[in-house]
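Here the structure comes first, spelled out in structure tokens, and everything after it is commentary.
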Amino acid sequence: MGIAKRYVRERARVDEVCQHEGRNPDEVLLLAVSKTVDVEGARDAYRAGARTFGENRPDELVRKAAALPDAHWHFIGNIQSRRIPDIVAHADLIHSLYQARHAHKIDEAAGKMGKVQDVLIEVNVSGEESKSGVAPEEALSLVQEAAALPHLRVRGLMTMAPQGDLRAARASFEGLKSLHEQIKAALPADQAISFDQISAGMSEDWKEAVACGSTIVRIGRAIFSEEFE
Ligand SMILES: *Cc1c(COP(=O)(O)O)cnc(C)c1O
């Protein structure tokens, strides 16, 4: 089947589920998570229509963004302070911010580049120890601290659901959605208006996420792996 066909198939499925859920397909971005393939694999998806890609390692972000400069690139991985300048130089959106000290370093790097960096706050909704992210009860204060920085714009929240249990995944997507609503309501109007993104759902659970208001589904294997033919 190949990457291009799998991309087209996944985009059609997302559109279909949006229709079924009464959502506008234009409001759900399919982020093509190309972390397991080389530039050629990402290019195959690009030719099939993918325009926004996710990477979880700074080196790969830099390399692939340079090779496919017309695409948009998001950073979805673990943030390390020393790699922040590379991430800020290439990422339109950082999904995985959950530490205040990184918010300040991203603000500093963005300021030097004359950029306002869009970020999402990663929340550990399920509370699993293996997951990164801020605890739900600490999310509002982190959003407020980050949103006060001049070169950061907090666009919303991101979570990773427990794997292998769609009911548990759905519960964490519902938790993320209600947290998003609470935080949006607590923000001043100028910040609330751009707090409009929910990054939730991966290859195996994105349908549940779309049903729970996700605006960005991060799909890797269903596009890039033959396991998903
Ligand atoms: C790898 C990864 C994905 C994609 O996962 P798949 O199960 O391959 O779709 C999504 N989000 C993050 C943060 C990832 O690291």
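For ligands, and for the atoms within them, numbers begin at 1 and follow the listed sequence. Computation of the quantities below employed the complete heavy-atom set of this structure, encompassing side-chain atoms and omitting hydrogens, waters and symmetry-equivalent molecules.
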| request: Please work out which of the three classes, parallel, tilted or perpendicular, describes the rings of Phe195 and His180, given edges at 30° and 60°. | output: parallel
| task | Would you give the length of the straight line joining atom CD of Glu227 to atom CZ of Arg221, rounded to the nearest 0.5 angstrom? | result | 5.5 Å
| query | Tell me, which protein residue and heavy-atom name are nearest atom 11 (N) of ligand 1, and how many Å apart are they? | reply | Arg218 NE, 2.8 Å
| message | Regarding ligand 1, does Ile219 bring an N or O atom to under 3.5 Å of one of the ligand's N or O atoms? | response | no
| note | atom 1 (C) of ligand 1 has as its nearest protein heavy atom Lys35 NZ, 1.4 Å
| Atom pair CZ/CD1 of Arg101 and Ile106 - distance to nearest 0.5 Å | 11.0 Å
| field | Partner of Phe53 under ring-ring contact (aromatic ring centres under 6.0 Å, His included), chosen from Phe224, Phe75, Trp73 | value | Trp73
| request: If you have a sec, work out which protein heavy atom is nearest atom 9 (O) of ligand 1 and how many Å separate them, to one decimal? | output: Ser203 OG, 2.5 Å
| task | Tell me whether the guanidinium CZ or amine NZ of Arg51 lies under 6.0 angstrom from the six-membered ring centre of Tyr46 and within 45° of its axis. | result | yes
| query | Any luck finding a side-chain donor-acceptor pair between His72 and Asp92 under 3.5 Å? | reply | yes
| task | Please write down residue, atom name and distance for the protein heavy atom closest to atom 5 (O) of ligand 1. | result | Met202 CE, 3.6 Å
| said: Are the side chains of Leu31 and Val217 in contact, using a 4.5 Å heavy-atom criterion? | reply: no
| Test of proximity, Glu204 against ligand 1: N or O pairs below 3.5 Å | no
| query | What atoms in ligand 1 come closer than 4.0 Å to a heavy atom of Met160? | reply | 12 (C), 13 (C)
| To which protein heavy atom is atom 7 (O) of ligand 1 closest, and what is the distance rounded to 0.1 Å? | Arg221 NH2, 2.8 Å
| said: Test your reading of the structure: does Asn56 have an N or O sitting under 3.5 Å from an N or O of ligand 1? | reply: no
| field | Nearest non-hydrogen protein atom, atom 12 (C) of ligand 1 | value | Ile76 CD1, 3.5 Å
